[in-house]
Number of protein chains: 2
Amino acid sequence: MTVPHLTAVKCSECPIRHRAVCARCDTDELDRLESMKTYRSFAAGEAILWRGEPLEFVASIVSGVASLSKTLEDGRTQMVGLLLPSDFIGRPGRSEIEFDVTATSDVTLCCFDRKPFEKLVDETPHVAHRLMELALDELDSARDWMLLLGRKTAREKIATFIEMLVRRSDLRNAPNNHTTVLPMTRDQIANYLGLTLETVSRQFSALKKDGIIDFSDRKNLVVKNLFALHQETGDDSDGGVLA
Amino acid sequence: MTVPHLTAVKCSECPIRHRAVCARCDTDELDRLESMKTYRSFAAGEAILWRGEPLEFVASIVSGVASLSKTLEDGRTQMVGLLLPSDFIGRPGRSEIEFDVTATSDVTLCCFDRKPFEKLVDETPHVAHRLMELALDELDSARDWMLLLGRKTAREKIATFIEMLVRRSDLRNAPNNHTTVLPMTRDQIANYLGLTLETVSRQFSALKKDGIIDFSDRKNLVVKNLFALHQETGDDSDGGVLA
DNA sequence: CGCCTCTTTGACACGTGTCAACGACGGTGG
DNA sequence: CCACCGTCGTTGACACGTGTCAAAGAGGCG
């Protein structure tokens, strides 16, 4: 299975223009980025970068979902990050990365060669500042995930995961009719949540049996009761729904 | 129990001079920091900052250990970071934090009022750059911890924890005679590792029974066989000892 | 149509949490 | 100086959640 390398769109028309690393750039800065960038695409399941490999390029995710994962010697793996459109791969001043980056769905990246990009970062406070914000956002979500991994039950993990997906995907629908698409297989969800795929499957079934969610097929789910779902996450009772 | 607020030492004589946020500063920049800083001390167990509280100051840890933790509605808590000397509290552009910061041991901080410090960051690339590095280091260790929380067994978690302490504390001793001090109670270790305090205690006992570690008292432990300890961490077999 | 991957479900095992009792240590006050 | 008390740590018995192993169903693609 091959994926065509899409031709890059103009930065000014880019769907992630306002949230990616270029979010704060003025027109001149954008022109400079424009001249440096290349688009690359990866099919679902394909490796984007391997741990320890020298880092030739950095990139923003234009479309699709990528994951960061770490593996123990005996093969147990844990996802340590989920990258969505506008998220950034690679860091200034780091020549390699400490985890594998994999395309979870089909992915399109807006790539920059690392060395010239680092030069640009040094000369462009707007970009440096935005990179800092993106890193801090990742740090916050990593810490939320540590709480989930260390202290939540399987049911709470699944409920939290679904709630996160619903919040990010579909705010257009009427309340109590939230629908969303699972962007990954049961196995990948298990690796994200620190569970086995069997436990993931069982917890989905249990939430379905309790009337909180429903599946139209494997990937598409409807949250029938968002309040009840939130009650299952273990987080503050006021939290999400009313916020 | 009160802790005296130590008078600040000269930046040029500061023990964390070469690793903290000021690491890359030249003499002029250091003078400016010097004029802004205040020392504060906190006794073991004391709260330094509460989640959601407006962030009045940022700080570097001069001595002692502080922890970041998150709590679920029913009281389950998870440490999401351990701050050692030279680590930084607070972020540019964030007016509050999403976790509690607590003094684990007696702690001394080098504090700066947030607003003037942010101004300084904007005007001082050396500081901005160093802050970025510190954030990325934290992100890397958060991700290592996610792997531990999600996939390691209790014994692997304890072995990893001890190995981390030994690496950071005592490189002066001869091989196979590594000694270290546990900077926290069993309960705090449990919250760091996503375990219960009983499990922590049992795993310490098991490693002692297997001749891998030994205790002279509750806090002081000797690693009698560092290679065997590393074998218990679940990490790559080549990893630490030979590196 | 048949193969392959993904998913579901069941039976069972085992690691870790829970509950409880006891022991060790350190500080305080008589 | 010693007795007391509170905190912290250890150990045991048991329960329960989640992992493991196994089999079969569901859907997609050649």
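Please read all numbers here as calculations on a predicted model, not as lab measurements. We use all heavy atoms of the structure for the numbers below, so side chains are in, but hydrogens, waters and symmetry mates are not. Proteins come first, then strands; the chains are lettered A, B, ... in the order of their sequence lines, and each starts at number 1.
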**Item:** Separation of atom CE in Met184(A) from atom P in dC6(C), rounded to whole Å
**Value:** 13 Å

**Asked** Within this structure, what is the CG-to-P distance between Leu197(B) and dT16(C), rounded to whole angstrom?
**Response** 15 Å

**Request:** Measure across Ala44(A) and Asp106(A) and return the closest heavy-atom pair with its distance rounded to 0.1 Å.
**Result:** N-OD1, 2.7 Å

**Item:** Phe215(B) CZ - dT11(D) P separation (whole Å)
**Value:** 11 Å

**Nearest listed nucleotide, side chain of Thr196(A), among dG9(D), dT20(D), dT16(C)** = dT20(D)

**Asked** What is the nucleic acid contact for Thr185(A), judged by heavy atoms within less than 4.0 Å: base, sugar-phosphate only, or nothing?
**Response** sugar-phosphate

**Request:** Tell me which nucleotide among dT18(C), dG19(D), dT7(C) gets nearest to the side chain of Lys219(A).
**Result:** dT7(C)

Just distance, no hydrogens or angles: give the donor-acceptor pairs under 3.5 Å from side chains in residues 149-157 of chain B, sequence neighbours left out.
| residue | atom | partner | partner atom | Å |
| --- | --- | --- | --- | --- |
| Arg151(B) | NE | Thr77(A) | O | 2.7 |
| Arg151(B) | NH1 | Leu195(A) | O | 3.0 |
| Arg151(B) | NH2 | Ala190(A) | O | 3.1 |
| Arg151(B) | NH2 | Asn191(A) | OD1 | 3.0 |
| Arg151(B) | NH2 | Leu195(A) | O | 2.9 |
| Lys152(B) | NZ | Thr160(B) | OG1 | 3.0 |
| Lys152(B) | NZ | Thr233(B) | O | 3.1 |
| Lys152(B) | NZ | Asp235(B) | OD1 | 3.0 |
| Lys152(B) | NZ | Asp235(B) | OD2 | 3.3 |
| Thr153(B) | OG1 | Glu156(B) | N | 3.2 |
| Thr153(B) | OG1 | Glu156(B) | OE1 | 3.4 |
| Arg155(B) | NH1 | Glu232(B) | OE1 | 3.0 |
| Arg155(B) | NH1 | Glu232(B) | OE2 | 3.1 |
| Arg155(B) | NH2 | Asp210(B) | OD2 | 2.4 |
| Glu156(B) | OE1 | Arg76(A) | NH1 | 2.9 |
| Glu156(B) | OE1 | Arg76(A) | NH2 | 3.3 |
| Glu156(B) | OE1 | Thr153(B) | N | 2.9 |
| Glu156(B) | OE2 | Arg76(A) | NH2 | 2.7 |
| Lys157(B) | NZ | Leu193(B) | O | 3.0 |

**Item:** Side chain proximity check, Leu82(B) to Trp145(B), heavy atoms < 4.5 angstrom
**Value:** no

**Message:** I need the full list of ring pair (Phe, Tyr, Trp, His ring centres under 6.0 Å) pairs touching residues 197-222 of chain B, with sequence neighbours left out, sorted by first then second residue.
**Reply:** Phe204(B)-Phe215(B)

**Request:** Among the candidates dT18(D), dC6(C), dG9(D), find the nucleotide nearest to the side-chain atoms of Thr199(A).
**Result:** dT18(D)

**Message:** In this structure, how many angstroms lie between the P atom of dG15(C) and the NZ atom of Lys157(B), rounded?
**Reply:** 14 Å

**Fill in**
note: Leu221(A), atom CG; dT7(C), atom P; distance rounded to Å ~ 13 Å

**Which nucleotide in dT9(C), dG9(D), dT16(C) has an atom nearest any side-chain atom of Glu198(A)** = dT9(C)

**Message:** Treating Ser205(A) as the side-chain partner and Ser201(A) as the backbone partner, does any N or O pair qualify as donor plus acceptor under 3.5 Å?
**Reply:** yes

**Request:** Starting from P on dT7(C), measure out to CG on Leu207(A) and report it in whole angstrom.
**Result:** 16 Å

**Complete:** Among dT7(C), dG19(D), dT10(D), the one nearest any side-chain atom of Arg186(B) is dT10(D)

**Message:** Please classify the nucleic acid contact of Gly45(B) as base, sugar-phosphate, or nothing, using heavy-atom distances under 4.0 Å.
**Reply:** nothing

**Message:** Strictly below 4.0 Å: does Ser205(A) bring a side-chain N or O up to OP1 or OP2 of dT9(C)?
**Reply:** yes

**For atom CD1 of Ile189(A) and atom C1' of dT18(D), their distance in whole Å** = 17 Å

**Request:** Give the nucleotide from the list dT8(C), dT16(C), dT10(D) with an atom nearest to the side chain of Ala154(B).
**Result:** dT16(C)

**Asked** Looking at the side chain of Arg202(B), which of dT18(C), dT7(C), dG17(C) is the nearest nucleotide?
**Response** dT18(C)

**Item:** Atom pair distance, as rounded to whole Å: CZ in Phe204(B) and P in dC8(D)
**Value:** 16 Å

